[in-house]
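Read through the structure below, which is laid out as structure tokens, and then see the notes.
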Amino acid sequence: MAVPPPAPPPRSPAHLGRRAPRARCSWGMEEKAAASAGCRAPPGPPRAGAVPCFGISVDQDDILPGALRLIRELRPHWKTEQVRTKRFTDGITNKLVACYVEEDMQDCVLVRVYGERTELLVDRENEVRNFQLLRAHGCAPKLYCTFQNGLCYEYMRGMALEPEHIREPRLFSLSADVPKVEVLEQELAWLKEHLSQLDSPVVFCHNDLLCKNIIYDSAKGHVRFIDYEYAGYNYQAFDIGNHFNEFAGVSEVDYCLYPAQETQQQWLRYYLQAQKGRAVTPREVERLYVQVNKFALASHFFWALWALIQDQFSTIDFDFLRYAVIRFNQYFKVKPQVSALEMPK
């Protein structure tokens with residue numbers, strides 16, 4: 001979504017590191033490992049999220065032998081002769097090497113060696129605390145172990161950014177607020193199940209009745225629609241619910257402008273009278289009101305997905321990702337009250 005396409009492993013200053021001159025271990029270390037490594041525990045009670053601490057020192061000028069010793073501890077099922085390595089060269093403080101056996105690097109261990117005397121500026125115990133705290137909240141990779149002058153952690157797939165990338169609006173907007181694919185699949189199944197029971201008639205629909213697609217001729221006193229690229233057969237209630245959603249606008253969306261129940265019922269009464277050529281009952285109006293507001297959920301869902309696709313491919317200067325998040329947020333906001341609406345008997 002709002003990230004660059006997959007690329008070779010990153011060369012990122014986020015992975016920097018160098019070597020400390022003495023053995024130090026993280027908080028929450030296993031006592032046996034700490035004793036063998038000559039590590040000291042930080043003040044205070046031991047923490048629950050312990051990580052292994054190995055008494056291994058890796059030579060920052062010859063990383064591979066030490067890195068392979070760590071791999072034998074962390075991945076004992078890997079055959080040493082099959083282990084591949086990749087050095088990362090952009091580090092200006094620490095040194096980093098990736099170890100893996102499969103070409104796709106699905107399981108990859110990063111070995112980071114601290115730079116010489118970096119403990120003068122960096123609290124390494126606090127670094128590990130922060131690492132595990134962030135991991136617990138889904139914001140960091142797995143921390144596999146610490147060793148005398150570094151740590152090993154999970155490789156995160158993706159592309160390390162360059163200065164030109166971080167200026168792109170699509171990278172600092174709202175991708176984290178887009179629901180996961182699994183959630184979207186569940187919602188799509190729910191919509192199909194829920195809406196198929198409403199008996200909304202299938203008619204020829206415009207499917208994109210935003211304000212700018214409606215032309216009013218005041219001289220002749222009539223309304224015409226333009227732009228038929230999304231037109232086709234659809235549920236009647238979708239077309240109307242989609243139109244009501246467009247009351248909120250596009251560039252500056254404000255769902256306080258979504259029509260109130262009284263306004264909707266007045267609109268729907270005129271619509272049904274024009275369709276049927278006769279006066280309609282309150283029950284007929286209420287029935288269409290329930291159908292329309294439930295199908296308005298499908299409209300949010302559809303245009304949010306549309307915006308995600310546009311975000312990837314469109315060259316139009318519009319924040320599609322932000323728009324997708326707005327539509328998804330409104331979908332989940334109104335879903336409880338709308339799904340509770342009952343068709344009149």
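Heavy-atom basis, side chains included; hydrogens, waters and symmetry copies ignored.
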Flag, side chain of [X] to backbone of [Y], donor-acceptor distance under 3.5 Å:
X    : Y    : answer
E154 : K142 : yes
Q106 : E102 : no
N234 : D239 : no
K95  : V113 : no
H137 : C139 : no
D59  : G66  : no
N207 : Y230 : yes
T263 : P259 : no
D311 : A307 : no

Check the pair F131, N126 against side chain to side chain contact (heavy atoms under 4.5 Å, CB included), reporting the backbone distance first and the verdict last. CA-CA 8 Å; F131 205 124; N126 191 57; over 6 Å; no
Let me check something: do [X] and [Y] share a hydrophobic cluster, defined by ILVMFWY side-chain heavy atoms less than 4.5 Å apart, either directly or through other members?
X    : Y    : result
L288 : V202 : yes
F247 : Y270 : no
F225 : Y216 : yes
V223 : L209 : yes

If you define the side chain from C-beta out and look only at heavy atoms, does anything of [X] sit under 4.5 Å from [Y]?
X    : Y    : answer
L74  : C152 : yes
L96  : V111 : no
V334 : L297 : yes
F204 : Y233 : yes
R157 : Y155 : yes
F328 : V178 : yes
Q264 : N293 : yes
R224 : I214 : no

For the student: nearest non-hydrogen atoms of [X] and [Y], plus distance:
X    : Y    : result
L184 : F301 : O-CZ, 3.4 Å
D62  : P65  : O-CD, 3.3 Å
S200 : A237 : OG-N, 3.1 Å
A324 : A304 : CB-O, 3.5 Å
N149 : I56  : OD1-O, 4.0 Å
T85  : C99  : CG2-SG, 4.0 Å

Return the set of residues passing salt bridge (charged side-chain N to carboxylate O under 4.0 Å, His left out) with [X] (not counting sequence neighbours), or none when no residue passes.
X    : result
E103 : R84
R283 : none
R278 : E284

Checking Q186 against E182 for the side chain to side chain donor-acceptor pair (under 3.5 Å) test, could you report, in this order, the C-alpha distance in whole Å, the side-chain angles of both residues, the deciding distance, and whether it holds? CA-CA 6 Å; Q186 293 171 3; E182 296 80 6; over 6 Å; no
Among residues at least two apart in sequence or on other chains, which ones pass ring pair (Phe, Tyr, Trp, His ring centres under 6.0 Å) with [X]?
X    : result
Y235 : F295
Y255 : H300
W267 : H243, F244, Y271
Y228 : none

Would you please say whether a donor-acceptor pair under 3.5 Å links the side chains of Q291 and Q236? no
Checking R124 against T146: is there a side-chain donor and acceptor pair closer than 3.5 Å?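 There is no such pair between these side chains.
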Any pair counted as salt bridge (charged side-chain N to carboxylate O under 4.0 Å, His left out), so long as it reaches residues 69-82, sequence neighbours left out: R75-D107
Can you list every pair that meets salt bridge (charged side-chain N to carboxylate O under 4.0 Å, His left out) and has a residue in residues 246-274, with sequence neighbours left out? none
According to side chain to side chain contact (heavy atoms under 4.5 Å, CB included), who are the partners of V181, at least two apart in sequence or on a separate chain? E185
Start with the C-alpha distance between Y258 and Q330, add both sets of side-chain angles, then the distance that settles side chain to side chain contact (heavy atoms under 4.5 Å, CB included), and finish with yes or no. CA-CA 11 Å; Y258 185 81; Q330 187 66 11; 5.9 Å; no
Whether F320 and F318 hold their rings parallel, tilted or perpendicular, with breakpoints at 30° and 60°: perpendicular
Partner set under side-chain hydrogen bond (donor to acceptor under 3.5 Å, both in side chains) for S299, not counting sequence neighbours: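 Result, side-chain hydrogen bond (donor to acceptor under 3.5 Å, both in side chains) vs S299: N242, N245, R327.
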Any chance you could lay out the side chain to side chain contact (heavy atoms under 4.5 Å, CB included) test for V51 and C145, step after step, and finish with the verdict? CA-CA 5 Å; V51 295; C145 76; 5.7 Å; no
Distance from [X] atom [atom1] to [Y] atom [atom2], nearest 0.5 Å?
X    : Y    : atom1 : atom2 : result
N130 : E125 : CG    : CD    : 12.0 Å
I215 : D217 : CD1   : CG    : 10.0 Å
D177 : I326 : CG    : CD1   : 11.0 Å

I'd like to know whether the aromatic ring centres of F147 and F54 sit less than 6.0 Å apart in this structure.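 Judged by ring-centre distance (under 6.0 Å), F147 and F54 do not meet the cut-off.
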Would you confirm whether the ring centroid of Y323 sits within less than 6.0 angstrom of the ring centroid of W303?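 Not under 6.0 Å, so no.
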Take I63 and R87 through the test side chain to side chain contact (heavy atoms under 4.5 Å, CB included) and record every step on the way to the result. CA-CA 9 Å; I63 294 177; R87 293 284 295 269; 4.3 Å; yes
Walk me through whether Y144 and Y153 qualify under ring pair (Phe, Tyr, Trp, His ring centres under 6.0 Å). CA-CA 5 Å; Y144 294 133; Y153 57 99; 8.3 Å; no
Would one find more than 12 heavy atoms of other residues, nucleotides or ligands at under 6.0 Å from atom CZ of F332?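 Counting other residues, nucleotides and ligands, CZ of F332 exceeds 12 neighbours.
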Expected list for residues 338-345: side-chain donor-acceptor pairs under 3.5 angstrom, two or more places apart:
from, atom 1, to, atom 2, distance (Å)
S339, OG, K335, O, 2.8
S339, OG, P336, O, 3.1

